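Just so it is clear, the model here is predicted, and its values are computed rather than measured.
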Amino acid sequence: MATLPFITKFKDGTPTFFIIKIWGSLALKNDFNSSEFIHYRDAYKLKFGHPWSSLFKSYKPKHHTIRQDEKNLWVPGRKIHMVVFNRTKNRFQFAPVLEVKSVQKIEIIRTSDYLNETIVKVDNRQLQQKEVQLLAWNDGFDNLIEFWLWFSGGFTGKIIHWTELKY
């Protein structure tokens with residue numbers, strides 16, 4: 001098992017709403033009337049003062065996360081503990097223990113200072129612009145500009161999937 005921490009705010013201070021977006025991805029196959037969902041929903045409300053379920057329709061689901069993985073920690077079958085505020089007294093596990101369904105290699109290559117000249121490759125295949133937009137949405141970004149700014153220096157790592165989605 002491994003902890004997978006998530007931020008609650010982007011670099012500019014804008015809320016990520018990752019908890020809500022991740023539960024949105026889990027909603028596709030889970031029963032929100034189950035005791036497990038009710039437990040996490042109520043714990044969230046206690047911690048943050050408002051229910052997340054009312055916000056589902058406002059945000060696209062987050063189906064995966066992009067991370068560096070120099071120690072090759074993230075492999076299919078690995079158990080995931082999704083948390084916010086990791087390594088603090090406010091640490092909060094917001095989802096049941098999940099399993100890594102698959103991982104894919106991702107490279108974001110800056111070819112110049114212009115964002116439209118950035119190349120994104122998944123498993124060595126260059127993505128088209130529409131696929132990059134979908135990747136950004138599925139990773140929890142509200143738009144492509146947020147994605148480009150987050151990875152503005154280029155990036156090599158993995159897409160960690162907890163759903164069956166692949167590129």
Side-chain angles (χ1 to χ4, degrees), residues 1-108 120 122-123 134-142 146-147 149-151 153-167:
M1 286 197 250
T3 298
L4 189 56
F6 291 89
I7 59 172
T8 58
K9 294 183 180 180
F10 288 111
K11 295 173 186 174
D12 67 357
T14 306
T16 62
F17 296 107
F18 283 168
I19 294 173
I20 294 158
K21 292 174 181 182
I22 289 168
W23 267 100
S25 77
L26 300 177
L28 300 175
K29 62 181 182 179
N30 288 305
D31 176 11
F32 283 125
N33 294 316
S34 71
S35 60
E36 185 172 53
F37 174 76
I38 291 167
H39 163 78
Y40 287 104
R41 182 200 62 202
D42 290 350
Y44 179 91
K45 186 176 179 180
L46 256 159
K47 186 134 188 112
F48 299 103
H50 56 83
W52 72 45
S53 55
S54 64
L55 300 172
F56 281 145
K57 294 179 183 176
S58 303
Y59 300 99
K60 290 178 175 48
K62 178 173 172 62
H63 295 291
H64 53 64
T65 191
I66 298 173
R67 302 296 174 101
Q68 290 182 323
D69 190 20
E70 295 168 0
K71 296 181 180 178
N72 201 33
L73 178 67
W74 300 107
V75 295
R78 181 96 190 197
K79 301 296 182 199
I80 307 169
H81 291 263
M82 294 183 170
V83 304
V84 291
F85 309 120
N86 194 36
R87 298 182 182 185
T88 73
K89 65 179 181 167
N90 291 323
R91 182 185 189 276
F92 179 70
Q93 183 173 332
F94 60 87
V97 176
L98 300 173
E99 183 177 290
V100 175
K101 298 292 183 186
S102 66
V103 294
Q104 292 184 281
K105 178 183 174 187
I106 184 168
E107 294 176 88
I108 301 170
V120 178
V122 174
D123 290 340
L134 186 60
L135 173 82
W137 281 334
N138 287 337
D139 200 57
F141 293 94
D142 291 330
E146 285 180 355
F147 178 81
L149 291 173
W150 187 264
F151 294 107
F155 182 82
T156 300
K158 289 181 179 176
I159 304 171
I160 303 166
H161 296 277
W162 53 83
T163 69
E164 301 298 329
L165 176 70
K166 278 190 154 186
Y167 298 95

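A heavy-atom distance below 4.5 Å is found between the side chains of Met82 and Phe6. Within the 4.5 Å cutoff, the side chain of Tyr59 has no heavy atoms near those of the Thr16 side chain. With a 4.5 Å cut-off on side-chain heavy atoms, Trp23 and Lys62 do not count as touching. Looking only at side-chain heavy atoms (C-beta outward), Ile106 and Val120 come within less than 4.5 Å of each other. Side chains of Pro76 and Val103 form a contact here, defined as non-hydrogen atoms less than 4.5 Å apart. Using a 4.5 Å heavy-atom cutoff, the side chains of Lys21 and Asp142 are in contact. The shortest side-chain heavy-atom distance between Lys79 and Glu99 falls under the 4.5 Å cut-off. Counting heavy atoms from C-beta on, the side chains of Val83 and Phe92 never come closer than 4.5 Å.
You'll find the ring centres of His64 and Tyr167 inside the 6.0 Å limit. Centroid-to-centroid, the aromatic rings of Phe147 and Phe151 come within less than 6.0 Å. In this structure, the ring of Phe94 has its center no less than 6.0 angstrom from the ring center of Phe18.
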What verdict does the side-chain contact (heavy atoms from CB on, under 4.5 Å) test give for Asn138 and Leu165, after you've listed the backbone C-alpha separation in whole Å, the side-chain angles of each residue and the deciding distance to 0.1 Å? CA-CA 9 Å; Asn138 287 337; Leu165 176 70; 3.4 Å; yes
What's the verdict on side-chain contact (heavy atoms from CB on, under 4.5 Å) for His161 and Val100, showing C-alpha distance, side-chain angles and the deciding distance? CA-CA 6 Å; His161 296 277; Val100 175; 5.9 Å; no
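Here the straight-line distance linking atom NZ of Lys47 with atom CD1 of Ile19 works out to 10.0 Å at 0.5 Å rounding. We find the CD1-CD1 distance between Ile22 and Ile80 to be 9.0 Å, quoted to the nearest 0.5 Å. For the atom pair Leu4 CG and Asn86 CG, the distance stands at 9.5 Å (nearest 0.5 Å). Summarising the geometry, atom CD1 belonging to Ile160 is positioned 14.5 Å from atom NZ belonging to Lys101; distances are rounded to the nearest 0.5 Å. Taking CD1 of Ile159 as the reference point, atom NZ of Lys105 lies at 12.0 Å (rounded to 0.5 Å). In this structure, CG on Leu98 lies 12.0 Å from CE on Met1, to the nearest 0.5 angstrom.
Shortest non-hydrogen contact noted between Ser25 and His63 is CB-ND1, 3.3 Å. Minimum interatomic distance between Thr65 and Trp162 (heavy atoms only, all atoms of both residues): N-CZ3, 3.7 Å.
For Asn90 and Thr88, the side-chain atoms include no donor-acceptor pair closer than 3.5 Å.
Applying the 6.0 Å contact sphere to NZ of Lys166 captures no more than 12 heavy atoms from other residues, nucleotides or ligands.
With a 6.0 Å cutoff to the six-membered ring centre and a 45° limit on the axis angle, Lys158 does not count as a cation-pi contact of Trp74.
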